[in-house]
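Within every chain, numbering begins at 1; the chains are lettered A, B, ... in the order of the sequence lines, protein sequences first and strands thereafter.
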There are 2 protein chains.
Amino acid sequence: MTKADPHTLLFTDLAEIARTLGHAHRLMLLEHIAQGERPVERLAELTDLTVANTSQHLQHLRRAGFVETRRDGKRVLYRLGNGPIEAVLTSLRGYAEHMRAEIRQLIADPINADGRHDSISRDELLERLLTGGITLLDVRSTEEYAFGHLPGALNIPADELERRLSELPRGREVVAYCRGPYCVLSTTAAALLEAKGFRVRRLAAGFPDWKAAGLTVEA
Amino acid sequence: MTKADPHTLLFTDLAEIARTLGHAHRLMLLEHIAQGERPVERLAELTDLTVANTSQHLQHLRRAGFVETRRDGKRVLYRLGNGPIEAVLTSLRGYAEHMRAEIRQLIADPINADGRHDSISRDELLERLLTGGITLLDVRSTEEYAFGHLPGALNIPADELERRLSELPRGREVVAYCRGPYCVLSTTAAALLEAKGFRVRRLAAGFPDWKAAGLTVEA
DNA sequence: TAATCATTCAAGCAAATGATTGATTGATAG
DNA sequence: CTATCAATCAATCATTTGCTTGAATGATTA
């Protein structure tokens with residue numbers, strides 16, 4: 001019953017590699033290890049897992065060649081393997097990013113219509129940030145904001161915007177942004193602000209684009 | 001108990017994508033779909049799965065965005081999604097290739113010693129192939145050979161070599177190759193041939209390198 | 001409208017996977 | 001040599017996954 005077909009075997013290998021990356025805990029461990037060599041116990045506390053569980057995931061990763069070990073006294077230090085791991089992770093992240101955009105587009109498209117609110121380009125925003133006179137508004141969740149945001153941005157999640165309008169200075173143009181080109185949050189926010197008499201534009205590209213362009217991000 | 005941490009969520013998404021690719025059957029289906037639109041039933045027979053099982057895997061792939069569907073009469077045609085799928089698969093294949101090379105190195109190294117048999121470079125081999133006078137010998141399995149080999153190569157798997165020696169023309173230099181730089185097959189083959197009075201060299205790099213260099217490959 | 005065909009759904013089962021616990025191994029320090 | 005500490009192993013259990021079977025859906029054709 002064993003398939004000797006080399007074509008099938010290739011797929012089995014490929015699948016095993018993919019499955020190794022198919023668990024959030026292992027991906028988290030990989031990311032920490034990518035920062036530098038770490039002992040098991042440290043990785044366990046970084047990922048909030050038990051030591052035994054961590055050890056098992058690490059061995060799974062090692063079987064697939066994603067990590068390597070060396071002993072240092074009584075500790076075992078894990079480091080990244082030397083294969084083209086980054087390429088795999090990057091392509092995965094790229095794919096995930098694409099999917100998020102697609103989903104957002106599906107949700108946002110009907111609402112988004114076409115350009116009901118003026119948008120502002122990244123370059124123009126940069127210029128306006130320097131010359132001043134605008135309020136930069138991040139309408140994503142507090143969690144997302146905490147994870148990184150545009151410099152000087154004020155954070156009011158879209159669903160809290162109406163009751164927190166007083167926090168926005170009057171008389172200044174507002175530039176709202178959220179997750180990306182098709183994120184619906186900044187659109188609804190812009191509609192609300194306009195109704196309340198603000199002058200408002202949206203940063204079309206959103207946060208990921210800003211970050212990808214290598215511009216500064218505040219934590 | 002739900003983790004709202006966006007960092008964790010990102011990893012969960014990534015893991016789900018990876019896990020979708022973590023099954024040989026789904027990878028096989030993807031490959032067939034990559035050739036062009038196909039109805040479920042055709043995919044089922046191509047992959048030798050039941051229709052229901054195929055349908056389930058396809059829906060898994062669709063949830064992850066790897067494939068899309070359209071109806072044509074009573075059939076449902078599956079086609080590739082429009083995300084950067086090829087990038088993901090290519091990086092995976094690249095990683096798998098790297099791992100195979102590493103494993104081979106581990107197995108072969110002790111046997112391989114250092115250059116017990118003369119090796120021949122890719123460029124020199126190319127020249128010799130044109131001027132003639134050598135027998136190019138592929139000592140990998142018949143399956144691997146069938147999947148692609150160097151132009152004009154004769155295929156005698158290493159373990160059949162001894163009893164099929166008569167197939168090799170006498171008086172010509174033999175160049176043996178197998179899977180890669182550390183593949184043990186061509187080393188043992190060279191040892192045998194030398195003992196039998198042949199002049200023999202090994203192609204150090206092996207088949208994958210040849211292919212990677214963009215040189216012609218026969219099916 | 002009924003009959004047929006391709007696909008999907010739903011239930012059930014076997015196998016694989018992930019997490020926990022407690023025992024075991026390997027290495028240092030007293 | 002014993003005590004201690006980090007990591008791994010081994011056994012167990014709950015959950016998830018993959019596959020099969022038979023019924024339900026959606027679209028065509030008679």
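The interatomic distance linking A:Arg38 (CZ) with D:dA7 (C1') rounds to 18 Å, in whole Å. Distance A:Lys74 NZ to C:dG30 C1': 11 Å, rounded to the nearest Å. We find that CZ of A:Arg71 is positioned 10 Å from C1' of C:dT28, with the value rounded to whole Å. When rounded to the nearest whole Å, the span between CG of A:Asp48 and P of C:dA19 equals 12 Å. Regarding B:His60, its NE2 atom lies at a distance of 11 Å from the C1' atom of D:dG18, rounded to whole Å. The distance from atom CZ of A:Arg75 to atom C1' of D:dT8 is 16 Å, rounded to the nearest whole Å. The separation between A:Leu43 atom CG and D:dA6 atom C1' is 13 Å, rounded to whole Å. Between the P atom of C:dG18 and the CG atom of A:Leu58 lies a distance of 13 Å, rounded to the nearest Å.
Annotation: proximity of residues 17-29 of chain A to DNA chain C (heavy atom, distance under 4.0 Å) is found for A:Arg19, A:His23, A:His25, A:Arg26, numbered in ascending order.
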Shorter than 3.5 Å, N or O on both sides, protein versus nucleotides 9-12 of chain C: list them out with atom names.
{"unit_1": "C:dC9", "atom_1": "OP2", "unit_2": "B:Gln59", "atom_2": "OE1", "d": "2.3"}

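Within the 3.5 Å criterion, the main-chain N or O of A:Ile156 finds no donor-acceptor partner in the side chain of A:Glu160.
Once rounded to the nearest 0.5 Å, the distance linking OG1 of A:Thr54 with NE2 of A:His32 reads 10.0 Å. Atom-to-atom distance recorded for A:Thr47:OG1 and A:Leu30:CG is 11.5 Å, nearest 0.5 angstrom.
Side chain of B:Thr50, nearest nucleotide from C:dG18, D:dT20, C:dA19: D:dT20. The A:Val40 side chain lies nearest to D:dT8 when the options are D:dT8, C:dG18, C:dA19.
The shortest non-hydrogen separation linking A:Val51 to A:Glu41 is CG2-CG, 4.5 Å.
The aromatic rings of B:Tyr95 and B:His98 sit tilted, their planes meeting at an angle between 30° and 60°. In this pair, A:His57 and A:His23 present their aromatic rings tilted. The plane angle is within the 30 to 60° band.
Ion pairing between a basic and an acidic side chain is recognised when a charged N comes within 4.0 Å of a carboxylate O; B:Arg93 and B:Glu86 show such pairing. The existence of a salt bridge linking B:Glu16 and B:Arg63 is excluded, since no basic side-chain nitrogen approaches an acidic carboxylate oxygen closer than 4.0 Å.
Of the side-chain N and O atoms in B:His57, one or more sit less than 4.0 angstrom from OP1 or OP2 of D:dC19. OP1 or OP2 of D:dT8 has at least one side-chain nitrogen or oxygen of A:Tyr78 nearer than 4.0 Å. Listed pair A:Asn53 / C:dT20 meets the phosphate criterion, a side-chain N or O lying under 4.0 Å from OP1 or OP2.
Side-chain polar atoms of A:His60 and A:Arg26 form a donor-acceptor pair below 3.5 angstrom.
Positionally, the nearest nucleotide of DNA chain C for B:Thr69 lies more toward the 5' end than for the other of B:Thr69 and A:Leu49.
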